[in-house]
Amino acid sequence: MKKDIHVVGAIIVNNGKILCAQRGPTKSLSYKWEFPGGKVEKGETPQEALQREIKEEMKCNIKVGQQAEHTVYEYDFGIVHLTTFYCGLIDGLPKLTEHVSIKWLPPQELNFLDWAQADIPAVEKVISNFT
């Protein structure tokens, strides 16, 4: 039986562009692109987990808005339950700490990246909502 992994992702929108983050070589799904975020800890709401993860990973503060998508995807290492939310920056700009690269892209260019499978439905929703 595979492990269920509950994670959240931030679709951070700033000046009409979307923040995309590339996973590092030592992580599972190495070099795949994702919406930044992480695991929901016991006792946290998804929104609280997302604010905490972005503060830890990217050293900035976000406002979590409307849920964009919820995806369940089975990888070889477990079943990922990914909930993504539209977010805005409150203060600070995202910094690289855990990812190898970040990019701000207009929605119509999101398809040019090699996304983690669980993120693809959210990518498609962002493209359809903004274009």
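Model, not experiment: these values are computed from the prediction. Side chains are part of it too, since the values below use all heavy atoms of this structure and drop only hydrogens, waters and symmetry mates.
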Ile79-Val7 co-clustered via ILVMFWY side chain contacts under 4.5 Å:
no
Looking only at non-hydrogen atoms, find the nearest pair between His99 and Ala21 and report the distance.
CD2-CB, 3.4 Å
Answer yes or no: is there a side-chain heavy-atom contact under 4.5 Å between Val64 and Cys87?
yes
Distance, nearest 0.5 Å, that separates CD of Gln22 from CD of Glu34
10.0 Å
Within the distance-only criterion (no hydrogens, no angle test), does the side chain of Trp33 pair as donor or acceptor with the backbone N or O of Asp119 below 3.5 angstrom?
no
Pro121 versus Ala118, closest heavy-atom pair with distance:
CD-O, 3.6 Å
Could you see if Val72 belongs to whatever hydrophobic cluster contains Ile5? Use Ile, Leu, Val, Met, Phe, Trp, Tyr and a side-chain cutoff under 4.5 Å.
no
To the nearest 0.5 Å, atom OG1 of Thr83 lies from atom CD of Gln47 at 9.0 Å
For the pair Tyr73 (side chain) and Leu82 (backbone), establish whether a donor and an acceptor sit closer than 3.5 Å, ignoring hydrogens and angles.
no
When every non-hydrogen atom of Ile102 is compared with those of Pro94, the smallest separation belongs to CD1-O, 3.8 Å
On a heavy-atom basis, which atom in Phe85 and which in Gly65 lie closest, and how many Å separate them?
CD2-O, 3.5 Å
To the closest 0.5 Å, what do you measure between CD (Glu124) and CG (Leu110)?
11.0 Å
Rounding to 0.5 Å, atoms CG (Leu50) and CD (Glu57) come to a distance of 9.5 Å
Is there a path of hydrophobic side-chain contacts, each under 4.5 Å between heavy atoms of I, L, V, M, F, W or Y residues, that connects Leu96 with Leu89?
yes
Just list the side-chain donor-acceptor pairs under 3.5 Å for residues 8-20, sequence neighbours left out, or say none.
none

Would a 4.5 Å heavy-atom cut-off, applied to side chains only, mark Asn61 and Gln51 as touching?
no
Closest non-hydrogen atom pair, Ala116 against Lys32:
N-CB, 3.9 Å
Of all the heavy-atom pairs spanning Glu56 and Thr97, show the shortest one and how long it is.
O-OG1, 4.1 Å
Within this structure, what is the CD-CD distance for the pair Glu41 and Glu53, rounded to the nearest 0.5 Å?
7.0 Å
Please step through side chain to side chain contact (heavy atoms under 4.5 Å, CB included) for the pair Val123 and Leu113, ending with a clear verdict.
CA-CA 10 Å; Val123 169; Leu113 301 178; over 6 Å; no
Under 6.0 Å from the NZ atom of Lys2, do we count more than 12 heavy atoms belonging to anything else shown?
yes
Note, Tyr86 side chain near Lys125 side chain (heavy atom, < 4.5 Å)
yes
Tell me whether Leu105 shares a hydrophobic cluster with Phe130, the cluster being built from Ile, Leu, Val, Met, Phe, Trp, Tyr side chains joined at under 4.5 Å.
yes
In terms of the angle between their ring planes, are His6 and His81 parallel, tilted or perpendicular, with boundaries placed at 30° and 60°?
parallel
CD1 (Ile90) and CD1 (Ile62) are apart, to the nearest 0.5 Å, by 7.5 Å
Side-chain contact test, heavy atoms from C-beta onward, threshold under 4.5 Å: evaluate it for Leu29 versus Tyr75 and give yes or no.
yes
